[in-house]
Amino acid sequence: MNPFEPLQAPILATFDGLTEEDLLFGPSPKLELGDVALGTFKAAKKLGMKPPECAQAILAQVTFGSQVLSVQATGPYLNFKLDRGVIAQPVLSVILDEAGEYGSNHSGRDTRMLIEHTSINPNASPHVGRARNAMYGDTLVRLFRFEDYDVDVHYYVNDIGRQIGLLALFVDDIESMTFDGVLQAYVDANQKAEDDPEFAKQGYEMLAKMEEGDPEVAKKFHDLTDLCLKGQTDVLARLGIHYDQFDRESKYLKDPRLDTVVAALEEKGAVFTDEDERLVVDLSKIGHERDEGRFFVLKRANGSSMYGFRDLAYTIDKMEQGADVNLQVLGEDHKLYAEQLNLILKAAGKTSPETIYYAYILLKDGKMSTRQGKVVLLADFLDEAASRAGEKVETQCADLPEAERKAIAEKVAIAAVRFAILKVNPNKNVIFDWESSLSFNGDTGPYVQYSCARINSILRKYDGPVDCAVDSEFPLTQDAEWALVMKLAEFPAVVAAAVENRNVAPIGQYALETARLFTTFYHDCPVLIAETPALIRARIQLCRATLQTQTNALSILGIDALERM
RNA sequence: GCGCCAGUAGCUCAGCUGGAUAGAGCAACGGCCUUCUAAGCCGUAGGUCACAGGUUCGAGUCCUGUCUGGCGCGCCA
C-alpha cells in the first residue's frame, strides 16, 4: 500500500532516471509544515544537484494533481499539504478489503521453511529466560506463516546425556511421577552424585547402556524425557506455542551420515585422537583462524559421543528434509559452538541453517540462576499476572460469566509476558522486572489490547455492520485521524522489514505506536456522536481498519486482540 | 588474554540501515471521568547519544582506539 503514489507519479514522469526508491516520503516532523514530506537527498545525487536545488527544481517543474493543496520547499525537503480524505480513502479501502491478510506481502508463497526453536534441556521448568527462545521462535513462525511460508516447526529433544542418566538411576517409579516430581528428583540426584562418586559413575554407565541400545534403559530414558517434555510443552502451550515435530537426540546416536563427515575431516587432516584417547577435530585445518575454540571434541575416551557429534547428524538431517529455508533460534552462548559446527559441515560439503541469536534475560539484581533460586518461572509469572488481571476484569466486566472473565485475564497475562520480551531487539539483554511487567500500564501488551477493546466497544454500540466500501469523498480532516491513517499504511513495510531482518521487535513497537495514535484519536474525535452521518461512517471505518491492522500485528506476536477487558 | 554483542533521560526501551529541533513508557510534578472502557488523555521537568579521535554537505547511526556490561573460548547439553 503506497499512499504516496499520487505524489510520486508526476515526479517520476517529469524527471528521467528517477525510481521510487529515490523518493524518500515520510510524515512531516510537524503537521504545521505539511502532511507529508519528501527528502530529496537520493534524487539530488542521481540528478547531479544539491538537495535544496533539487527540491526547488521539483517545485518549479512538476505539476501535481488536485490531491495536493500546496507544496513548499524547506531546504532539502518538500512539504506537501494534501486533501487528506482522498489520500486516506484507498488506504482504508485496502485494509478493509484484505482484512486478515492486510500487511502480508506474501513473500513466502511456494517456499518451505524448517525452523527449530526452544529445544531446552528436559530437566528444567521453562523460566522467562529460556522462554525468550520459545517466544521469539514462535513469533518468527507466526510472522513467516503470515507471509505465506509453509513452515514446519521442530523441537530438538535432548533425551540422552548425563543428566538423564542420573535421573534414570535415581527414579524407580516413573508411572506415578509428576513433572515437578522429576525436577525435584533431578536436584536430589545431582546432590547424590556429588556426595557419592560411585553413584555418579553408575550414571555414566546408564548413559553407556543407552548408547549400546539396552532396551530397558532406553525405555526408561524415553519415559522420563516424555514426562519432562509434556510438562514443558504444557507451559509453553499456555503461551500459544506449538510444535509440528519433536526430534529425539537419541535417534542420531549412530547416524551413518556421520561416517562421511569423519572421513571428510580425515582427508583434510583435521581430525585426530589426542593423548587422552578422545576423538578431536582441529578446526584450524578447516578455516578456524584463532586459537580459542580451535578444538572440538567428537567422542570421549570410552567411545561415547559428545552432544556436538549428534548435533552434526541432526543438522544434516534437517538440511536434507527439502526445506527452502532452514532457521534455528539459539542463545548467544551458542555462537562459537554453531560456528564450529558450520565449519565442520562445510568441510564435509554440507550446508548449515541460518541462525538467529538472542541475548540473555537478566534480572534487576543480576543474572538468573537456577541454583540460587533466582529465576522467574514462566508458570509462576503467568499465574501472578492472570490473578492481577483478574481483579481488574472482575470490576470492569462484572456482567460477564466467570469463565469468560478468567479467559480474558489469562489472555492479558499472556500479552504481558510475550510483549515484554518481544518488544526488545533480540541482540540486547532484556532486564526483566517483575513489578513493571505486571503493571499493565504504558508500553505493554495489555495497553495495546486495551485500545482494541475500546474499538470493539465502539463497534458494538454502532448500529449495524461496518460497510467496507469507503466513500471517495472521505471526510477526514483532524490531525489525529491523519496521523493514524498514515501509521496504518506503514504496516506492510514493517512486516517486510521484519521478514528481511528476521527481527520481530519492530512489530511490537509498531503496535504500540498505533495504539497510542488510536488513543489520541479516541480522545480527540468522537465517533458515534460525530457531526454528520458521513463523518460517523468514516470514523467507524477508520476504527474498523485500525482494529484489523492491530489484530494482524498482535496475531504475529501471539497476542489476542480482546473484545472486552 | 582473544572473539562476538551491547552502552541513548534517574529506570526500561525506540530511533525506519547517514538526513529537519534525538522519541516513548515508568518514576516526579500539574491538570482531565453526568460525554464511545481512567489498563486512559493533556501538560511540565528531565540528554555532552559511555569517552576520545576520524570519515563528509550532514554522525546516536559508519571507521579506529579506550572504558563499562553481557556471552563464549578441549571429554556440559
Side-chain angles (χ1 to χ4, degrees), chain A residues 24 26 28-30 33 37 39 41-42 50-51 74-77 79 119-123 158 160-164 249 274 276-281 289-302 304 306-308 310-311 331-337 339-340 357 359-360 362 364 367 389 392-393 396-397 412 420 423-425 427-433 435-437 439-444 446-447 449-451 453-462 490 493-494 497 501 505-506 508-510 512-513 516 519-520 522-530 539 543 564-565:
Chain A
L24 311 167
S28 294
K30 286 208 166 161
L33 283 169
F41 305 100
K42 279 195 174 175
K50 290 191 168 165
T74 323
Y77 292 92
N79 285 294
S119 305
I120 51 187
N121 291 337
N123 56 300
N158 304 132
I160 49 179
R162 203 179 75 100
Q163 79 273 31
I164 308 296
E249 189 180 344
D274 75 357
D276 298 320
E277 299 296 313
R278 298 173 292 187
L279 188 65
V280 180
V281 184
E289 287 173 359
R290 285 170 293 114
D291 229 28
E292 296 77 19
R294 176 179 161 190
F295 298 107
F296 189 89
V297 179
L298 295 178
K299 288 187 177 180
R300 301 184 177 91
N302 68 3
S304 66
M306 296 283 289
Y307 173 82
R310 293 164 240 144
D311 207 1
E332 63 176 355
D333 53 330
H334 281 67
K335 251 181 188 170
L336 175 62
Y337 168 76
E339 282 164 22
Q340 291 171 326
Y357 297 100
Y360 275 29
L362 309 174
K364 270 212 142 133
K367 32 188 139 164
K392 252 187 175 158
V393 176
Q396 290 192 192
C397 306
V412 172
K423 74 171 176 184
V424 182
N425 283 320
N427 57 354
K428 286 215 194 188
N429 291 112
V430 175
I431 313 291
F432 187 89
D433 175 37
E435 274 314 305
S436 69
S437 301
S439 77
F440 307 157
N441 298 326
D443 287 353
T444 66
Y447 171 78
Q449 286 179 312
Y450 185 64
S451 71
R454 284 174 143 182
I455 300 174
N456 272 310
S457 176
I458 292 174
L459 295 177
R460 230 178 289 125
K461 287 176 180 156
Y462 177 68
E490 261 179 48
V494 172
N501 300 326
Q509 297 295 337
Y510 174 83
L512 212 41
E513 286 158 15
R516 263 191 232 117
T519 313
T520 302
Y522 178 87
H523 282 268
D524 289 0
C525 308
V527 177
L528 298 171
I529 51 166
R539 286 184 176 166
C543 283
R564 295 192 48 180
M565 65 187 278

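Protein chains get the first letters and strands the later ones, always in sequence-line order, with residue 1 at the start of each.
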For A:Ser304 and A:Asn302, run side-chain hydrogen bond (donor to acceptor under 3.5 Å, both in side chains): C-alpha distance rounded to whole Å, both residues' side-chain angles, the deciding distance at 0.1 Å, then the answer. CA-CA 6 Å; A:Ser304 66; A:Asn302 68 3; 2.8 Å; yes

Stepwise, does the side chain to side chain contact (heavy atoms under 4.5 Å, CB included) test hold for A:Tyr307 with A:Asn158? CA-CA 9 Å; A:Tyr307 173 82; A:Asn158 304 132; 3.3 Å; yes

From CA spacing to verdict: side chain to side chain contact (heavy atoms under 4.5 Å, CB included), A:Asp274, A:Phe295: CA-CA 11 Å; A:Asp274 75 357; A:Phe295 298 107; over 6 Å; no

For A:Arg310 and A:Ile160, run side chain to side chain contact (heavy atoms under 4.5 Å, CB included): C-alpha distance rounded to whole Å, both residues' side-chain angles, the deciding distance at 0.1 Å, then the answer. CA-CA 10 Å; A:Arg310 293 164 240 144; A:Ile160 49 179; 3.5 Å; yes

Show the numbers, then the answer: is there a side chain to side chain contact (heavy atoms under 4.5 Å, CB included) between A:Met306 and A:Arg278? CA-CA 10 Å; A:Met306 296 283 289; A:Arg278 298 173 292 187; over 6 Å; no

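In the set B:U17, B:A39, B:A14, B:U17 carries the atom at the smallest distance from any side-chain atom of A:Asn501. For A:Pro29, taking side-chain heavy atoms from C-beta onward, the closest of the listed nucleotides B:C41, B:A20, B:A38 is B:A20. Each of B:G40, B:C36, B:U21 was ranked by its minimum atom distance to the side chain of A:Lys30; first place goes to B:U21. Distances from the side chain of A:Thr520 to the nucleotides B:C42, B:C13, B:U37 place B:C42 closest.
If you check every strand for non-hydrogen atoms under 4.0 Å, A:Val527 touches a base. As judged by a 4.0 angstrom heavy-atom cut-off over every strand, A:Thr519 is placed among residues touching the sugar-phosphate backbone only. Residue-level contact check: A:Phe41 touches the bases, meaning some heavy atom is under 4.0 Å from a base atom. Contacts of A:Arg564 with the nucleic acid, taken as non-hydrogen atoms under 4.0 Å apart, include base atoms. As judged by a 4.0 angstrom heavy-atom cut-off over every strand, A:Ala493 is placed among residues making no nucleic acid contact. Among the protein residues, A:Asn123 comes within range of no part of the nucleic acid, since none of its heavy atoms lies under 4.0 Å from any strand. Contact annotation for A:Val494: no contact, since no heavy-atom pair falls under 4.0 Å across all strands. Residue A:Val281 is classed as having no contact, given no heavy-atom separation below 4.0 Å to the nucleic acid.
Here A:Asn425 reaches the OP1 or OP2 of B:A14: one of its side-chain N or O atoms lies under 4.0 Å away. Here A:Lys428 reaches the OP1 or OP2 of B:A14: one of its side-chain N or O atoms lies under 4.0 Å away. Here A:Ser457 reaches the OP1 or OP2 of B:U37: one of its side-chain N or O atoms lies under 4.0 Å away. For B:U37, one of the phosphate oxygens OP1 or OP2 lies less than 4.0 angstrom from a side-chain nitrogen or oxygen of A:Lys461. Regarding contacts with the backbone of B:A39, a side-chain N or O of A:Gln396 is found under 4.0 angstrom from either OP1 or OP2. In terms of phosphate contacts, A:Tyr522 brings no side-chain nitrogen or oxygen within less than 4.0 Å of OP1 or OP2 of B:U35. A:Ser439 has no side-chain polar atom (N or O) that falls below the 4.0 Å cut-off from OP1 or OP2 of B:A39.
Remark: A:Ala453 engages A:Met565 in a side chain to side chain contact (heavy atoms under 4.5 Å, CB included) (not counting sequence neighbours).
Counting to the nearest Å, the P atom of B:A14 and the CD1 atom of A:Ile431 are 11 Å from each other. Taking atom CG of residue A:Asp433 and atom P of nucleotide B:A27, one finds them 12 Å apart after rounding to whole Å. Put simply, NE2 on A:His523 is 14 Å from C1' on B:G31, counting in whole angstrom units. Distance CG (A:Asp443) to P (B:A27): 12 Å, rounded to an integer number of Å. Taking atom OH of A:Tyr450 as the reference point, atom C1' of B:C36 lies 11 Å away to the nearest angstrom. Rounded to a whole Å, the CD atom of A:Glu513 is 12 Å from the C1' atom of B:C13. Atom CD1 in A:Ile455 sits roughly 16 Å away from atom P in B:A39 (whole-Å rounding). Atom P of nucleotide B:G40 and atom CG of A:Leu512 are separated by 11 Å, given to the nearest angstrom.
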Using a cut-off of 4.0 Å between protein heavy atoms and nucleotide atoms, how would you tag nucleotides 70-77 of chain B 5' to 3' with B, S and -? BSSBBBSB

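With a 6.0 Å cutoff to the six-membered ring centre and a 45° limit on the axis angle, A:Lys335 counts as a cation-pi contact of A:Tyr357.
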Watson-Crick and G-U pairing of RNA chain B written in dot-bracket, each distance under 3.5 angstrom, with | for inter-strand partners: (((((((..((((.....[...)))).(((((.......))))).....(((((..]....))))))))))))....

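Closest approach of A:Lys423 to A:Asp443, counting heavy atoms only: NZ-O, 3.1 Å. The two residues A:Tyr447 and A:Gly442 come nearest to each other via the heavy atoms CB-O, 3.1 Å. Shortest non-hydrogen contact noted between A:Tyr360 and A:Asn429 is O-ND2, 3.0 Å. A:Asp524 and A:Pro526 make their closest contact through O-CD, 3.5 Å (heavy atoms, listed as atom of the first residue, atom of the second, distance). Minimum interatomic distance between A:Leu33 and A:Asn79 (heavy atoms only, all atoms of both residues): O-CB, 3.4 Å.
Classified by its glycosidic torsion, B:G58 falls in the anti category, the angle being over 90° from 0. In this structure, B:C11 is classed as anti because its glycosidic torsion departs from zero by more than 90°. B:U17 takes the syn form, because its glycosidic angle lies no more than 90° either side of 0.
Of the C1' atoms belonging to B:G10 and B:C16, the separation is 29 Å, rounded to the nearest Å. For B:A14 and B:C71, the C1' atoms lie 24 Å apart once the distance is rounded to whole Å. Remark: the separation of the P atoms in B:A59 and B:U21 is 11 Å, to the nearest Å. Annotation: B:G7 and B:A52 have their C1' atoms spaced 16 Å apart (nearest Å).
When each of A:Lys42 and A:Glu490 is assigned the nucleotide of RNA chain B with its nearest heavy atom, A:Glu490 is the one assigned upstream, toward the 5' end.
The backbone N or O of A:Arg516 lies less than 3.5 Å from a partner atom in the side chain of A:Thr520, making a donor-acceptor pair.
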